[in-house]
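Written out below as structure tokens is the structure these notes cover.
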Amino acid sequence: MTGDALTRDASHTSNRLRLAVVDMVGTTITDDGRTELAMSRALAEHGIEPGSSRFESMLGYARDTMGFSKMTVFSHLFDDAEVAASANKVFEKAYDEMIDDGGVRAIPGAEDAILWMRESGMQVCLATGFGRHTQNMVLESLGWMGLADLSLCPADAGRGRPYPDMILTAVLALDLDDVREVAVVGDTSSDMLSGIRSGASLIAGVLTGSHSEATLRAAGATVVVDSIKQLPLLVEKREARHL
């Protein structure tokens, strides 16, 4: 292939979005604070007095790191690996109970946005900081098994956000040619940072979850929108500019 042909090929692959790696809680689904409630239960059951300064500090760290692997969060909060693993199990059990109680719902327009992307020729990966069991429970409760081309949790990729591992795993699993063909969508600074680190060309923050527009932009968002339901229009405008 000549140099000119290589240049044209590189330009082509960087223009067309072929994959969206989309966060779950706060981006496509809402749990009305149940992630924090489950986290609080895990802390309390491991000797952290609710309302104490240590409890509030640990819960504050959990809020700041929304989007991280929950096991990673507990490993930071507890020095003992066994205690961290035990706390993570309590968190997952508590969250499962909340799912059973109907506490997890789709954000309005999220399912339509995912379907639009797939119908337009993009592939979609749903990514989470939850473990595989919890992720599957959420997907099953919403009737979303099979909605996306792929679902990933930190254990599937090696590391969770803010590392780029889940995005890069999706690129490999779905046989993309170029990381610039990827859009990353999420509601936390860790989503944005993982997108920057992966080399994705569109890093969209949404305001339906944990972090503010200022926080998302500071973490690297290339655009911030109110909700994922605005993503199809965003993609259409971007693609039109690159025709």
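Keep in mind that the numbers below use all heavy atoms, side chains included, and drop hydrogens, waters and symmetry copies. The first residue of the sequence shown is numbered 1, and numbering continues consecutively from there.
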Student check: side-chain heavy atoms of Q135 and S151 closer than 4.5 Å: yes

Check: R105 main-chain N/O paired with T30 side-chain donor or acceptor under 3.5 Å: no

Within one Ile-Leu-Val-Met-Phe-Trp-Tyr cluster: I167 and L193, side-chain cutoff 4.5 Å: no

Taking the basic N atoms (NZ, or NE/NH1/NH2) and the acidic carboxylate oxygens, is any pair closer than 4.0 Å for D177 and R18? yes

Once rounded to the nearest 0.5 Å, what's the spacing between atom CE of M98 and atom CG of D32? 11.5 Å

What one should report as the nearest heavy-atom pair of V104 and L142 is O-CD2, 3.8 Å

Calculate, to the nearest 0.5 Å, the distance between atoms CG and NZ belonging to L77 and K70 respectively. 11.5 Å

Check each of V184, V182, V185, V223 against L202 using the side chain to side chain contact (heavy atoms under 4.5 Å, CB included) test, and report the only one that passes. V223

In short, G67 meets T188 closest at the heavy-atom pair CA-OG1, 4.1 Å

What I'd like to find out is whether the side chain of I29 reaches to under 4.5 Å of the side chain of V138, using heavy atoms alone. yes

Residue from V235, L231, L233 passing side chain to side chain contact (heavy atoms under 4.5 Å, CB included) with W116: V235

Between M166 and V21, does a side-chain contact (heavy atoms from CB on, under 4.5 Å) hold up when you go through it step by step? CA-CA 9 Å; M166 287 194 290; V21 178; 5.7 Å; no

Grab the two heavy atoms, one from P162 and one from F68, that are nearest each other, plus how far apart they are. CD-CZ, 3.4 Å

Value rounded to 0.5 Å, distance of CD1 in I99 from CZ in R34: 10.5 Å

Do T134 and D96 make a side-chain contact, defined as non-hydrogen atoms from C-beta onward lying under 4.5 Å apart? yes

For H46 and F78, the nearest pair of non-hydrogen atoms, with its separation, is CB-CZ, 4.1 Å

Do K229 and D112 pass the side-chain contact (heavy atoms from CB on, under 4.5 Å) test, and can you show the C-alpha distance, the side-chain angles, and the key distance before you say yes or no? CA-CA 7 Å; K229 68 183 179 182; D112 287 342; over 6 Å; no

Side-chain contact test, heavy atoms from C-beta onward, threshold under 4.5 Å: evaluate it for P232 versus M117 and give yes or no. no

S201 pairs by side-chain hydrogen bond (donor to acceptor under 3.5 Å, both in side chains) with which of R16, R180, R238? R238

Would you say the side-chain atoms of D149 pair up with the backbone N or O of C125, donor to acceptor, closer than 3.5 Å? no

Which of these passes side chain to side chain contact (heavy atoms under 4.5 Å, CB included) with V206: V225, D191, L216, T28? V225

For the residue pair A87 and A42, what are the closest heavy atoms and their distance? O-CB, 3.4 Å

Considering only heavy atoms from C-beta outward, does the side chain of T169 approach that of D156 to under 4.5 Å? no

Is there a path from L115 to L126 through hydrophobic residues (I, L, V, M, F, W, Y) whose side chains come within less than 4.5 Å of each other? yes

Checking T35, V73, L37 against F91 for side chain to side chain contact (heavy atoms under 4.5 Å, CB included), the one that qualifies is T35

First locate atom CG of D23, then atom CE of M192, and finally report the distance between them rounded to the nearest 0.5 Å. 8.0 Å

Are L152 and I114 connected in a single hydrophobic cluster, I mean Ile/Leu/Val/Met/Phe/Trp/Tyr linked by side-chain heavy atoms less than 4.5 Å apart? no

Counting distance only, does the side-chain N/O of S194 pair as donor-acceptor with the main-chain N or O of S190 below 3.5 Å? yes

Do L176 and Q123 have side-chain heavy atoms sitting under 4.5 Å apart? yes

Non-hydrogen atoms of A173 and L150 that approach each other most closely: CB-CD2, 4.0 Å

Please confirm whether the backbone N or O of S210 pairs with a side-chain atom of D187, one donor and one acceptor, at under 3.5 Å? yes

Kindly assign one of parallel, tilted or perpendicular to the pair F130 and Y95, based on the angle between their ring planes and the thresholds 30° and 60°. tilted

Is it possible for you to say whether I48 and M39 belong to one hydrophobic cluster, with membership spreading through side-chain heavy-atom contacts below 4.5 Å? yes

Distance-only, no hydrogens or angles: does the E56 side chain make a donor-acceptor pair with backbone N or O of S53 under 3.5 Å? no

Report yes or no: does E45 contribute a side-chain atom to a donor-acceptor pair with the main-chain N or O of S86 at less than 3.5 Å? no

Does the E140 side chain pair with the main chain of M145, one donor and one acceptor, at a distance under 3.5 Å? no

Please walk me through it: do L139 and M24 pass side-chain contact (heavy atoms from CB on, under 4.5 Å)? CA-CA 10 Å; L139 293 173; M24 293 180 64; 3.7 Å; yes

Step by step, work out the side-chain contact (heavy atoms from CB on, under 4.5 Å) result for L207 and E213. CA-CA 7 Å; L207 299 176; E213 179 173 356; 4.0 Å; yes

More than 12 heavy atoms of other residues, nucleotides or ligands under 6.0 Å from OH of Y163: is that the case? no

L234 and L17: same hydrophobic cluster, using ILVMFWY side-chain contacts below 4.5 Å? yes

Check: E181 and L19 side chains under 4.5 Å, non-hydrogen atoms: no

Any chance you could measure L147, atom CG, to R118, atom CZ, to the nearest 0.5 Å? 7.0 Å

State, with a plain yes or no, whether a side-chain heavy atom of V90 is found less than 4.5 Å away from one of F74. no

Here the gap from R41 atom CZ to E97 atom CD, rounded to the nearest 0.5 Å, amounts to 5.0 Å

